[in-house]
Amino acid sequence: MSTTELAKGIYWVGAVDWDQRDFHGYSTYRGTTYNAFLIIDEKVTLFDTVKSSHTDEMLVNIGKIIDPKKIDYIVVNHVEMDHSGALPAMMDLVKPEKLICSPMGQKAIIDHFHREDWPFEVVKSGSQICLGKRTIQFLETRMLHWPDSMFSFIKEDGILFSSDAFGQHYASSERFDDQVDMSAVMHESAKYYANILYLYSPLIKKLLATVSSMNLDIKMIAPDHGVIWRTHLNKIIEAYDHWSRNESGKKVLVIYDSMWHSTEKMAQAVEAGLRETGVSTKLINLKVHHRSDVMTEVLSAKALVLGSSTLNNGLLPRMAGFLMYMRGLKPTNKFGAAFGSYGWSGEAVGLMKTALEDMRIDVIEEALRVKYVPNDEKLEECVEMGRRVGKRVIESLAGQE
Ligand code: FEO
């Protein structure tokens with residue numbers, strides 16, 4: 001039976017979830033994997049487990065290499081249940097000598113599973129544990145993306161078990177980055193960053209600097225989801241560096257929802273004006289695009305122009321939901337503007353403007369509203385708005401050069 005060996009004696013023993021399509025509101029069209037890793041040494045060690053529904057799959061994979069009962073240590077790099085769901089079953093079966101986790105990990109494990117009697121060994125940044133021929137060096141990565149999160153680095157092999165960081169929701173039979181479609185993996189990496197890590201960008205920036213200052217000889221990055229980086233490490237590290245700096249290209253999104261096509265016509269006119277200025281544009285209809293795909297576009301956009309009709313004195317529900325979602329992810333360093341049609345009260349545009357301001361997005365335009373259906377004159381005002389926003393984006397980026 002085949003197994004995946006990362007290095008001599010170090011194996012992938014996780015599970016592939018081909019059917020997973022939703023991660024609490026994040027669409028995962030390509031499924032995902034729950035990566036767990038096994039080291040065969042004097043102390044046999046398992047790094048993370050899998051979602052509880054995939055426990056048997058992990059046990060089969062471990063069983064190809066060793067009797068699971070021979071595991072001595074279980075390391076929990078992250079307590080979220082897609083990685084710890086199988087932990088209670090493993091603790092019962094394996095009865096490990098040590099359950100290794102960060103200080104916050106211990107608290108989270110107890111709060112999840114209510115087992116203070118488990119044999120906790122709490123490690124902090126800089127702690128090391130010898131497995132025999134190999135040494136694990138730990139690095140706490142608090143709030144990346146949970147308080148308990150940590151990295152485990154296998155010094156002798158240069159393998160970094162990076163928990164959720166550098167991961168992608170990407171199900172495949174292949175385990176390594178050089179075996180799959182890199183453009184798809186990079187897209188899924190960006191989507192993962194935009195929808196899970198975006199709000200922690202300042203911490204990621206610091207973490208990258210910390211890891212760099214540690215001069216670790218990293219030969220492989222093995223995240224808890226998706227493929228293992230062994231060839232394109234620089235590509236994903238540079239991407240994280242870029243994303244964490246909130247740097248944007250000359251890209252503008254027109255994101256809208258419409259009732260009877262009036263706001264849609266306005267959106268098209270705004271986009272036409274933007275295009276004239278040479279910026280790259282995307283016209284995003286929230287009826288069609290999932291919020292998590294829109295966030296992936298937001299990651300690399302310099303300006304967001306939002307459109308919604310007014311419904312019941314408020315926003316259309318898709319726009320309201322999108323704004324709530326985006327607000328939590330805290331995009332920064334962007335321009336914003338708002339437009340929309342209305343019948344008699346017209347609150348939607350003001351609500352979008354306020355939402356943008358609350359997110360500290362720099363609103364650079366007066367709100368543009370149209371009663372019922374836009375005429376040619378009003379559509380020209382939309383084109384003008386697009387031209388002004390595009391010009392401002394071009395100028396701002398020129399200023400950075
Ligand atoms: Fe993949 Fe934060 O769990």
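Each ligand, and each atom within it, is numbered from 1 in the order the structure gives. As the structure is a prediction and not an experimental result, all values here were calculated from the model.
Under 2.8 Å from atom 2 (Fe) of ligand 1 lies an N/O/S atom of D164, whether from backbone or side chain. At least one N/O/S atom of H145, whether from backbone or side chain, sits less than 2.8 Å from atom 2 (Fe) of ligand 1.
Within E80, the N, O or S atom lying nearest to atom 2 (Fe) of ligand 1 carries the name OE1. Between atom 2 (Fe) of ligand 1 and the N, O or S atoms of H78, the shortest distance is to NE2.
Aromatic ring centres of H78 and H225: separated by at least 6.0 Å. In this structure, Y240 has its ring center under 6.0 Å from that of Y193. Taking the six-membered ring for Trp, H169 and Y29 have ring centres at least 6.0 Å apart. Remark: aromatic rings of Y200 and H145 are distant, center separation not under 6.0 Å.
Geometry about atom 1 (Fe) of ligand 1 gives an angle of 90° between OD2 of D82 and NE2 of H83, rounded in steps of 10 degrees.
Ring orientation note: the planes of H83 and Y34 are nearly perpendicular, at an angle over 60° on the 30°/60° scale.
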